[in-house]
There are 2 protein chains.
Amino acid sequence: MSRNDILRAAAQIFQEKGYHAASMQDIAEAVELKKGSLYHHVTSKQEILLALLDEALDLIIERLQAVEAKDLSPNLKLRQTMQAYLSFLAENRSLSSVLILEHKSLKPEFIDLHIPRRDRIEQIWREIIEEGISCGEFQSREPALTAKALLGVLNWAITWYREDGALSPDEIADHFADLFIQGLLIR
Amino acid sequence: MSRNDILRAAAQIFQEKGYHAASMQDIAEAVELKKGSLYHHVTSKQEILLALLDEALDLIIERLQAVEAKDLSPNLKLRQTMQAYLSFLAENRSLSSVLILEHKSLKPEFIDLHIPRRDRIEQIWREIIEEGISCGEFQSREPALTAKALLGVLNWAITWYREDGALSPDEIADHFADLFIQGLLIR
DNA sequence: CTTAAACTACCAAACGGTTGGTAGGGAGGT
DNA sequence: ACCTCCCTACCAACCGTTTGGTAGTTTAAG
């Protein structure tokens, strides 16, 4: 039994029940330990949450920056970033759910450590859009708002995506990319 | 003190802390009662949640259908529906937050009462898009997915919208409508 | 013999929920 | 005017359970 096993189990339980509805007892049972034994590996429930949030942020920012660094047309870069983001959510469901839905459960004293790095994600989306604008390929009067729209569509997917659905994450991302790039209007 | 006062207070506390982190004690203090007295007006915490979800659904479906019934071009109908939805979120923040973020806390025995009516909302968006397609005004290979995209953008707004922000709900909805209808690409 | 990791047993606090009771204000009869 | 009855609204006290967390002990491997 390792600390990592506990974090993995916690992520899944936080995803299923939400942070506050999940008990240390639940987590202990999932890793086949007694509740008290958890505290040998972990100092508190809050620490588990913070560790999960940090891990999720690290992984996701790394993936986004990998795409951002490529030399692609704005159109393609946006598309590939959306694919990278969505496939991350699909491959790391529970971790992503915690990042997206449970970060509000961080106690105030930990929040300030987390929010700035969280904002970095939104910033990356904004940069991609602004790059597209300055290339003369995109139009948007409020890139910050457009970034929020992108994040909304993708983050919301965590609430409805099923592994056994008809479409793969890449196909879903492609459809969303078409939608954002071309719009609904027939041209 | 009325049952409605209790529901209003509960909605606000559920919004701030989430359902499971909120205690009946919290709610009682907000309406200046003792915890036990709440049970004179309400039978359980779950019942409060269910009542809030039902109320929110009623109000929001009513608003959406009012716009849907109008005789508008697909373009305008989509835009006005987005405005109606977003302005509802802004005018009923706590109620909307509960509807969007806390419905997972409904116990299984209540869920079946709620989910079907919840799906009605998604259906309305899909109808609007499909109407636009059959009019030859919109294009979309997966209207169901497009509906989820719309819902995602709008629902996600509940997580970042601030009353003192630079843009009004109508302006935000307008920007989102432009984005969905015209796309990012310069034409 | 040491050490990490697991266990048992426990704690104070908080939880959702229930109970029995009471203050106070009408309503209605006389 | 007075008394009785009932009802709404509220409260203090408590129930059993669960919570996050701690302390001390045993186990097992190196």
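Proteins get letters first, then strands, A, B, ... in listed order; numbering begins at 1 in each.
- When hydrophobic clusters are built by joining Ile, Leu, Val, Met, Phe, Trp and Tyr residues whose side-chain heavy atoms come closer than 4.5 Å, directly or via intermediates, B:Ile13 is grouped together with B:Ile48.
- In this structure B:Ser140 satisfies the side chain to side chain donor-acceptor pair (under 3.5 Å) test together with B:Thr146, sequence neighbours excluded.
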Restricting to nitrogen or oxygen on both sides, can you table the protein-nucleotides 25-30 of chain D pairs closer than 3.5 Å?
none

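- Per the geometry, CG belonging to B:Leu38 stands 18 Å off P belonging to D:dT8, to the nearest Å.
- Rounded to an integer number of Å, the gap from CG of A:Asp5 to P of C:dA5 is 12 Å.
- Distance NE2 (B:His40) to P (D:dC11): 11 Å, rounded to an integer number of Å.
- Residue pairs that meet the salt bridge (charged side-chain N to carboxylate O under 4.0 Å, His left out) test with at least one member in residues 144-163 of chain A, sequence neighbours left out, are A:Glu122-A:Lys148.
- In this structure, A:Ile6 places its CD1 atom 11 Å from C1' of C:dA5, rounding to the nearest Å.
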Which atom pairs, one a donor and one an acceptor, fall under 3.5 Å between side chains of residues 71-78 of chain B and the rest of the protein, sequence neighbours left out?
{"residue": "B:Ser73", "atom": "OG", "partner": "B:Leu76", "partner atom": "N", "Å": "3.2"}
{"residue": "B:Lys77", "atom": "NZ", "partner": "B:Glu68", "partner atom": "O", "Å": "2.7"}
{"residue": "B:Lys77", "atom": "NZ", "partner": "B:Lys70", "partner atom": "O", "Å": "3.1"}

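- The distance from atom CZ of A:Arg3 to atom P of C:dA4 is 17 Å, rounded to the nearest whole Å.
- Residue pairs meeting the ring-ring contact (aromatic ring centres under 6.0 Å, His included) criterion with at least one partner in residues 126-150 of chain B, sequence neighbours excluded, are absent.
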**OP:** Mark up nucleotides 7-19 of chain C, 5' to 3', with B wherever a protein heavy atom is under 4.0 angstrom from a base atom, S wherever such an atom reaches only the sugar-phosphate, and - elsewhere.
**Re:** BB------SBBB-
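- Within the structure, the side chain to side chain donor-acceptor pair (under 3.5 Å) test picks out the following pairs touching residues 85-94 of chain A (sequence neighbours left out): A:Arg63-A:Ser87, A:Arg63-A:Glu91, A:Tyr85-A:Asn155.
- Residues that satisfy the side chain to side chain donor-acceptor pair (under 3.5 Å) test with B:Gln46, not counting sequence neighbours, are B:Tyr19.
- A:Lys107 is linked by a side chain to side chain donor-acceptor pair (under 3.5 Å) to nothing, counting only residues two or more places apart in sequence or in another chain.
- For the pair A:Ile48 CD1 and D:dG21 C1', the computed distance is 12 Å after rounding to whole Å.
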